[in-house]
Amino acid sequence: MHNTDQAPSTTFIKDIPLGNVYVMSHSFFSDVVRIGCTPEDPREYAKSLSAKTIGEYSVAFSLQCSNPCKVKKQIKAYLHAQEYTKEFYQVPADVAAKLLRRETLKIPSLTAL
């Protein structure tokens with residue numbers, strides 16, 4: 001019997017020690033933002049996401065910090081009531097950015113875009 005469990009993993013790294021947490025907007029959704037974390041440059045990540053979908057993602061705000069996925073998790077907890085679907089939230093980008101800044105006061109940040 002052939003083992004098909006060897007397919008490439010598409011799971012995301014959950015415990016990135018250093019990376020970026022971001023707030024992205026999409027050209028088709030003016031009132032919805034995507035909040036996530038990545039070890040990559042968020043602008044490059046937005047380009048790669050845009051290449052896979054119709055429309056364009058753009059970074060509204062990002063912050064390089066320690067434990068970016070922990071920061072993202074806290075922001076998502078604050079915004080749970082505004083959750084649109086999975087990584088997307090029906091909240092203005094500036095509100096999400098303020099939460100991100102506030103949360104990184106608890107978890108030291110390195111730079112902000």
Side-chain angles (χ1 to χ4, degrees):
M1 180 174 223
H2 184 66
N3 186 354
T4 59
D5 292 348
Q6 299 298 324
S9 175
T10 58
T11 58
F12 194 78
I13 303 167
K14 300 224 186 275
D15 294 317
I16 304 167
L18 180 65
N20 298 283
V21 63
Y22 59 80
V23 177
M24 287 185 195
S25 59
H26 190 276
S27 58
F28 289 173
F29 305 102
S30 61
D31 62 340
V32 176
V33 295
R34 179 180 178 140
I35 300 170
C37 60
T38 180
E40 301 175 41
D41 177 322
R43 290 170 285 207
E44 292 300 316
Y45 187 59
K47 286 180 190 175
S48 71
L49 289 174
S50 295
K52 298 174 188 173
T53 185
I54 298 172
E56 296 289 319
Y57 281 97
S58 62
V59 178
F61 184 81
S62 72
L63 199 63
Q64 186 179 48
C65 59
S66 300
N67 302 308
C69 293
K70 183 176 180 182
V71 173
K72 175 193 81 169
K73 187 175 180 181
Q74 280 303 118
I75 293 169
K76 290 173 100 175
Y78 295 138
L79 294 175
H80 183 70
Q82 287 84 16
E83 187 169 16
Y84 185 73
T85 181
K86 224 172 182 184
E87 299 280 318
F88 296 88
Y89 295 83
Q90 196 159 5
V91 63
D94 62 328
V95 171
K98 285 177 188 174
L99 283 171
L100 198 156
R101 283 188 188 104
R102 186 181 79 189
E103 192 57 34
T104 55
L105 290 175
K106 299 174 192 171
I107 301 172
S109 64
L110 300 179
T111 60
L113 285 180

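Only this structure's heavy atoms are used, side chains among them; waters, hydrogens and symmetry mates stay out. Keep in mind the model is a prediction, meaning the values are calculated, not measured.
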Inset, instruction - Scan residues 89-99 for pairs that pass side-chain hydrogen bond (donor to acceptor under 3.5 Å, both in side chains), counting only residues two or more places apart or in two chains. - result: D31-Q90
Legend entry - Smallest separation among heavy atoms of V21 and C65, with atom names: CG1-SG, 4.2 Å
Inset, instruction - List the atom of C37, the atom of Y22, and the distance in Å for their closest heavy-atom pair. - result: N-CE2, 3.6 Å
Inset, instruction - Enter the distance from L99:CG to I75:CD1 here, rounded to the nearest 0.5 Å. - result: 6.0 Å
Legend entry - Distance-minimising heavy-atom pair for S66 and L18: N-CD1, 4.2 Å
Inset, instruction - Determine the interplanar angle of the F28 and H26 rings, folded into 0 to 90°, and report it as parallel if under 30°, tilted if 30 to 60°, perpendicular if over 60°. - result: perpendicular
Legend entry - Heavy-atom side-chain proximity of N20 to D41 below 4.5 angstrom: no
Inset, instruction - Name all residues meeting the ring pair (Phe, Tyr, Trp, His ring centres under 6.0 Å) criterion together with F88; count only those two or more places apart in sequence or in a different chain, and write none if there are none. - result: none
Inset, instruction - Would you mind listing every salt bridge (charged side-chain N to carboxylate O under 4.0 Å, His left out) that reaches into residues 44-65, with sequence neighbours excluded? - result: E44-K47
Inset, instruction - Sequence neighbours left out, what passes side chain to side chain donor-acceptor pair (under 3.5 Å) with E87? Give chain and number order. - result: K76
Inset, instruction - Would you name the heavy atoms of A96 and V33 that are closest together and state the gap between them? - result: CB-CG2, 4.4 Å
Inset, instruction - For T53 and L49, work out which heavy atoms get closest and say how close. - result: CG2-O, 3.3 Å
Legend entry - From L63 atom CG to R101 atom CZ, the distance as rounded to the nearest 0.5 Å: 8.0 Å
Inset, instruction - For I35 and K72, work out which heavy atoms get closest and say how close. - result: O-CD, 4.0 Å
Inset, instruction - With sequence neighbours excluded, tell me which residues meet side-chain contact (heavy atoms from CB on, under 4.5 Å) with S48. - result: Y45
